[in-house]
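Computation of the quantities below employed the complete heavy-atom set of this structure, encompassing side-chain atoms and omitting hydrogens, waters and symmetry-equivalent molecules. Each ligand, and each atom within it, is numbered from 1 in the order the structure gives. Quick caveat, the model's predicted, so the values are computed rather than measured.
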Amino acid sequence: MIIDQTVSIIKNEQEKSLKRIAEKIIAKERISEEDGLLLFERGSLSFLGSLANAVRERMHGDTTYFNRNFHIEPTNVCVFACKFCSYSRLYAHREEGWELSIEQMIDIVKKYDGKPITEVHIVGGVHPKMNLPYFCDLLREIKKHRPDLHIKGFTAVELDYMFRKAKLSTEEGMKLIHEAGLDSIPGGGAEIFHADVREQICADKVGAEGWLHIHETAHHLGMHSNATMLYGHIEQYHHRIDHMERLRMLQDKTGGFNTFIPLKFRNKDNEMSYIHESSVIEDMKVYAVARLYLDNFPHLKAYWPMLGRQNAQLTLSFGVNDIDGTIDDSTKIYSMAGSEEQSPSMTTAQLVMLIKQAKRKPVERDTLYNVVRDYSEIDIKEIETNPLLN
Ligand code: V47
Ligand code: SF4
C-alpha cells in the first residue's frame with residue numbers, strides 16, 4: 001500500500017514536471033539539461049511528438065525541405081578505427097577499398113552536367129596520402145568545371161587530420177581550404193562527444209573540443225556547417241543531452257549551424273554488431289527531443305538513406321523539416337552498415353510524393369536553405385515528365 005502511494009506520488013511529480021516542461025516550450029522558454037533528460041526518460045511518444053510537431057509548425061509551418069545533390073566518397077581507406085564503422089579499410093588492406101583520383105572525381109561531377117543539381121557532398125575515410133594540397137586541387141577543379149555548385153565537404157575528422165599533417169593551425173588550414181572552394185562543412189564525425197563514450201567507440205580520432213573548434217573556426221570565416229549525433233549504441237540519455245548541450249552552446253556563440261542530423265547506429269559488419277539497433281519508437285523520440293532541445297538550430301534533418309523512406313516520412317510528424325536530397329546510388333557509408341537502402345537514390349518526383357503523402361509542403365532548397373522551388377502546387381505527372389523538374 002505504502003509502495004503504491006509512493007509510486008503514485010512519484011508519478012504525479014513526474015507528470016507535473018513534464019507539464020512544466022511543456023509550458024516552457026509553449027512559452028518559447030529554453031529547457032534545461034535536466035528537462036531534456038526527463039523528456040528522454042519519461043516522455044511518451046505521443047507527448048514528445050505533439051510538442052515537437054508544434055515547435056516545427058511554429059518555425060516552418062508545413063514547409064519540408066529537400067535538395068538536389070550528389071555524393072562523392074573519395075576513398076574508404078582510413079587511418080582511424082571507429083568501432084561502429086562498416087565502411088573503412090585500413091591502409092594496410094587498401095586493396096579491399098577504393099581511392100579515387102582527381103580525374104575520376106571530376107568525371108563524377110561531369111555526369112551531372114546540365115542537371116539542376118545545387119550541391120556536391122564530399123565525405124570519405126581519412127587517407128594518409130590524400131592530403132590538404134590534394135583536396136585543394138580537387139576543390140579548384142570542381143569550381144573550374146562548375147562554379148555555381150555548392151561544395152559541402154569533409155567532416156571535422158578529415159579536416160583535423162589534413163591540417164595537422166600540413167602543420168597548419170585550424171585557422172590557417174580552414175582559410176586555405178575555404179579559398180580553394182570549400183563552401184560549407186557537413187556534420188559527420190561528431191558521434192557522441194562525451195569522453196566516456198568516445199573512448200570506447202572512436203578513441204583515436206579528434207575529440208569533442210577539436211570537433212567544435214573546427215566548426216567554430218569555419219563559422220568565424222562565414223561558412224555554415226551541420227552537426228550530427230550517432231545514437232542508439234552504448235550511449236545513455238545523459239550522453240545525448242550533453243552532446244546537444246555542447247552544440248547549443250556553440251550555436252549561441254556563432255549561429256553558424258544550419259541543421260542537426262541524428263544518425264541511427266546501424267549494426268551490420270562492424271565491431272559493434274552485437275548491439276541491437278534502436279526501435280522506430282526510440283528513433284522518433286530522438287528526433288522529437290532534438291527539436292525541443294536545440295531551440296537555436298533552424299533545421300532538423302532526417303537522412304533518409306539511413307533511416308529508410310517510410311521512417312523518414314514518419315519523422316515529419318516528430319519535428320523534422322528536412323529530408324536531405326535526391327542523392328544518387330554512389331554513397332556506401334550506410335549500405336555497408338546495413339541500411340535497407342542499398343543504392344540510395346530518389347527522384348525529385350519521389351521525394352515530392354513522400355512529402356505530400358505526409359500532408360506537408362515540399363520545397364526544394366539550396367545548401368543554405370534559400371528556396372529554389374516550391375513544389376506544392378506542381379502536379380506529380382508534370383514533375384515526372386519535365387527533365388528540369390525531375
Ligand atoms: O560521422 C558511420 C556515421 C557519419 C555508421 O551534413 C554511421 O548533411 C550509422 O557526415 N551507422 C558520416 N552511422 C556521414 C555524414 C553526413 C551524413 C548525412 C548528412 C550529412 C550532412 C553528413 O556517418 C559518421 C558517422 O557518424 N556512420 N558508420 C553506422 N554504422
Ligand atoms: Fe574512418 Fe570515418 Fe569510418 Fe571513423 S567513421 S573509421 S573516421 S571512415
Exercise. List every atom of ligand 2 that sits less than 4.0 Å from any heavy atom of Gly125, numbering the atoms from 1 in the order shown and giving each element.
Key: 8 (S)
Quiz item: With a cut-off of 4.0 Å, which atoms of ligand 2 are near a heavy atom of Cys78?
Solution: 1 (Fe), 6 (S), 7 (S), 8 (S)
Any N/O of [X] closer than 3.5 Å to an N/O of ligand 1?
| X | result |
| --- | --- |
| Glu191 | yes |
| Arg266 | yes |
| Phe265 | no |
| Phe84 | yes |
| Thr228 | no |
| Thr155 | no |

Counting heavy atoms only, which of [options] is nearest [atom]?
| atom | options | result |
| --- | --- | --- |
| atom 5 (S) of ligand 2 | Phe84, Tyr87, Phe80 | Phe84 |
| atom 10 (O) of ligand 1 | Gly188, Ser184, Pro186 | Gly188 |
| atom 1 (O) of ligand 1 | Ser88, Gly189, Pro305, Cys85 | Gly189 |

Quiz item: Is it the side chain (CB and beyond), the backbone, both or neither of Asn270 that lies under 4.0 Å from ligand 1, heavy atoms counted?
Solution: side chain
Exercise. Mind checking whether Ile261 contacts ligand 1 via backbone (N, CA, C, O), side chain (CB onward), both or neither, at a 4.0 Å heavy-atom cut-off?
Key: side chain
Got more than 12 heavy atoms from elsewhere within 6.0 Å of [atom1], [X]?
| X | atom1 | result |
| --- | --- | --- |
| Met353 | CE | no |
| Glu34 | CD | no |
| Gln104 | CD | yes |

Under 4.0 Å from a heavy atom of [X]: give me the atoms of ligand 1 that qualify, with their elements.
| X | result |
| --- | --- |
| Gly187 | 6 (O), 21 (C), 22 (C) |
| Lys264 | 9 (C), 11 (N) |
| Asn226 | 6 (O), 8 (O), 21 (C) |
| Leu263 | 3 (C), 4 (C), 23 (O), 26 (O) |

Quiz item: Between Asp252 and Arg30, is the closest basic N to carboxylate O distance under 4.0 Å?
Solution: yes
Practice problem: Would you tell me whether Gln200 and Asp196 have side-chain atoms, one donor and one acceptor, within less than 3.5 Å of each other? | Solution: no
Exercise. Report yes or no: do Ser317 and Arg360 form a side-chain donor-acceptor pair below 3.5 Å?
Key: no
Would you please classify the geometry between the [Y] ring and the [X] ring as parallel, tilted or perpendicular, with 30° and 60° separating the classes?
| X | Y | value |
| --- | --- | --- |
| Trp98 | Tyr87 | perpendicular |
| His243 | Phe260 | tilted |
| Phe257 | Trp211 | parallel |

Could you establish whether [X] and ligand 1 come within less than 4.0 Å of each other, counting only heavy atoms on the residue side?
| X | value |
| --- | --- |
| Met306 | no |
| His121 | yes |
| Lys152 | yes |

Quiz item: For Ile151, which of Leu138, Ile177, Ile122, Val109 qualifies under side-chain contact (heavy atoms from CB on, under 4.5 Å)?
Solution: Ile122
Quiz prompt | Spatial distance of atom SG (Cys85) from atom CD (Glu191) [nearest 0.5 Å] | solution = 9.0 Å
Practice problem: Identify the heavy atoms of Leu18 and Phe47 that sit nearest to each other, and give their distance. | Solution: O-CZ, 3.5 Å
Quiz item: Within the stated cut-off of 2.8 Å, is an N/O/S atom of Cys82 closer than that to atom 3 (Fe) of ligand 2?
Solution: no
Quiz item: Centres of the Tyr65 and His299 rings: under 6.0 Å?
Solution: yes
